[in-house]
Each structure stands twice: as C-alpha cells, then as structure tokens.
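To keep things clear, I will list the structure first and then write my remarks on it.
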Amino acid sequence: MNTQDVLEEFRASGALREGHFVLSSGLHSPVFLQKNLVFAQPDRCERLCKALAEKIVAQVGKPDVAISPAVGGIIPGYETARHLGVQSFYVEREGGAFKLRRGFHIEPGQTVVMVEDIVTTGLSSRECIEAIRAAGGEVIAAACIVDRSGGKADVGVPLIALASMEVPAYEADKLPPELAAIPVQDPGSRRLR
Ligand SMILES: O=P(O)(O)OC[C@H]1O[C@H](OP(=O)(O)OP(=O)(O)O)[C@H](O)[C@@H]1O
Ligand SMILES: O=C(O)c1cc(=O)[nH]c(=O)[nH]1
Ligand SMILES: [Mg+2]
C-alpha cells in the first residue's frame, strides 16, 4: 500500500478535513486527518494495519509487544498487533504524562514497536517511547499510518510510516491571514479536561 492508497482510504471516509485546526503540538494547520472516521470502518482499518504490520516485519522483524499512545493510537495499535500476532497495550495521560496503566506489564527487555496513528512533530511519539522505556521496554521502532512531516520528524528510533506527506503547519503567532480568519477547532485529546 503506498501513500496514494492510504490517502484514498482517508478521502473515501470523509477524513481529509479542511479548515483551521490546532494540532496536538500547538501548531495550526489548514488540513486535519480525522483518522477516527477511517478506523470506524473495520475493513478499512484492517487493510491499513495489515499493510503496516507487514512493513514493520519487513524492516525490523516481529516485536514482543505493540504499544500505542491513547486516544488515537489505540485502535490502529490493536489492529496492527493483531496482524503482527503480538499483544497490544496502550499508554494514557495521567496528570499530563503518558503512563502504562490497567495492569499492562512489560517483562524487562521485551521488544516493543510503538504504533501511532498520525505523526506531525513526533512529540507524542517521543512521549510514548519515554513511557515505554520507563516501564522497561526496549523500543526497536516506531510506526504510524501517516507521517505528516514527510520524514522530517525525529522520534529517536526508526520511524516506519505507511504513508508520508508534507502538510503546512504554523506557530500560533505566525498564521497566514486566510487561516487566521477561520474559527479554530481543537479536535485532539491533549488539552481535554
Ligand atoms: O506528532 P505530534 O505533533 O505529537 O502529533 C500527532 C499526535 O496528535 C494526535 O494526538 P492528540 O494528542 O491530538 O490526541 P488523540 O490521540 O486523542 O487524537 C495524534 O493521535 C498523534 O498522537
Ligand atoms: O498533529 C496532530 O495533532 C494531528 C494531525 C492530524 O492530521 N490528525 C490528527 O489526528 N492529529
Ligand atoms: Mg494521539
């Protein structure tokens, strides 16, 4: 599956949104990939995650566990783990920082692939990897459905992306006037209270 095939799954799901969005990183963008509309369709989610699992195995082999950052990473993390034939855990925010909770346990030295939905700056991936290491896991790679940085994001381990694209994103005080004129939406969970 190449980038065009992946974006076609997003387009057909109505998940390629245009407007004014504040992203998890605080950057602003005229484009948002509403991945949940894709993952809500099990057949599409299966196609994407099966392809991602195959790419992971081809590049780094099969890990012991797949671990994702909540909320967006949970569904693709589970489905990718199913195709890898490994357990699926997730980290979630406790007082702002990602933690492994709910009885999920990593044996010392177990190998982990961190599975994200979307990578923009790589901040959430780095936070997730830090939480996995704090719990004793050895992160051999990160993986995602779409890398919006076009390969520029550095998550500290190899990043295996099913699709790669470059989408404009701006700091809050450097918005182009046409973007500033549109009311802003904050669709993610980082700032939810
Ligand atoms: O690479 P980054 O700059 O960190 O951006 C990508 C992150 O943003 C989204 O999560 P978000 O925190 O918006 O919440 P969600 O997982 O609930 O969608 C997405 O799921 C990634 O985790
Ligand atoms: O950077 C983000 O927060 C982000 C971008 C995007 O296109 N989709 C998403 O769910 N999150
Ligand atoms: Mg997320």
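In listed order, ligands and their atoms are each counted from 1.
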Per-ligand residue contacts, ligand 2, heavy-atom threshold under 4.0 Å: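 Contacting ligand 2 under 4.0 Å are Leu23, Ser24, Phe32, Leu33, Lys35, Ile118, Thr120, Arg148.
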
Pairwise salt bridge (Lys or Arg N to Asp or Glu O under 4.0 Å) hits with a residue in residues 40-52, at least two apart: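 Passing the test, one end in residues 40-52: Glu9-Arg44, Glu9-Arg47, Glu46-Arg82, Lys50-Glu54.
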
What are the two closest heavy atoms between [X] and [Y], and how far apart are they?
X	Y	answer
Thr3	Ala163	OG1-CA, 3.4 Å
Val86	Pro63	CG1-O, 3.1 Å
Arg190	Ser24	NE-OG, 2.8 Å

Any side-chain donor near an acceptor of the partner, Ser189 and Arg93, under 3.5 Å: no

Ring geometry between Phe104 and Tyr90 (parallel below 30°, tilted from 30 to 60°, perpendicular above 60°):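 Rings of Tyr90 and Phe104: perpendicular, as their planes differ by over 60°.
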
Partner set under salt bridge (Lys or Arg N to Asp or Glu O under 4.0 Å) for Glu178, not counting sequence neighbours: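 Counting only residues at least two positions away or on another chain, Glu178 forms no salt bridge (Lys or Arg N to Asp or Glu O under 4.0 Å).
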
Separation between CG of Leu16 and CG of Leu37, rounded to the nearest 0.5 Å: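 With rounding to 0.5 Å, CG (Leu16) is 10.0 Å from CG (Leu37).
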
Exam field: side chain Ser13 to backbone Ala15, donor-acceptor pair closer than 3.5 Å: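 Judged by distance alone, no pair lies under 3.5 Å.
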
Can you produce the list of protein nitrogen or oxygen atoms under 3.5 Å from a nitrogen or oxygen of ligand 1, alongside each distance?
residue, atom, partner, partner atom, Å
ligand 1, 1 (O), Thr120, N, 2.9
ligand 1, 1 (O), Thr121, N, 3.1
ligand 1, 1 (O), Gly122, N, 2.8
ligand 1, 3 (O), Thr121, N, 3.0
ligand 1, 3 (O), Thr121, OG1, 2.5
ligand 1, 4 (O), Ser124, N, 2.8
ligand 1, 4 (O), Ser124, OG, 2.6
ligand 1, 12 (O), Ser24, OG, 2.8
ligand 1, 14 (O), Ser189, N, 3.1
ligand 1, 14 (O), Ser189, OG, 3.2
ligand 1, 16 (O), Val71, N, 3.3
ligand 1, 16 (O), Gly72, N, 2.8
ligand 1, 17 (O), Ser189, OG, 2.6
ligand 1, 18 (O), Lys35, NZ, 2.7
ligand 1, 20 (O), Lys35, NZ, 3.0
ligand 1, 20 (O), Asp117, OD1, 2.7
ligand 1, 20 (O), Asp117, OD2, 2.8
ligand 1, 22 (O), Glu116, OE1, 3.1
ligand 1, 22 (O), Glu116, OE2, 2.5

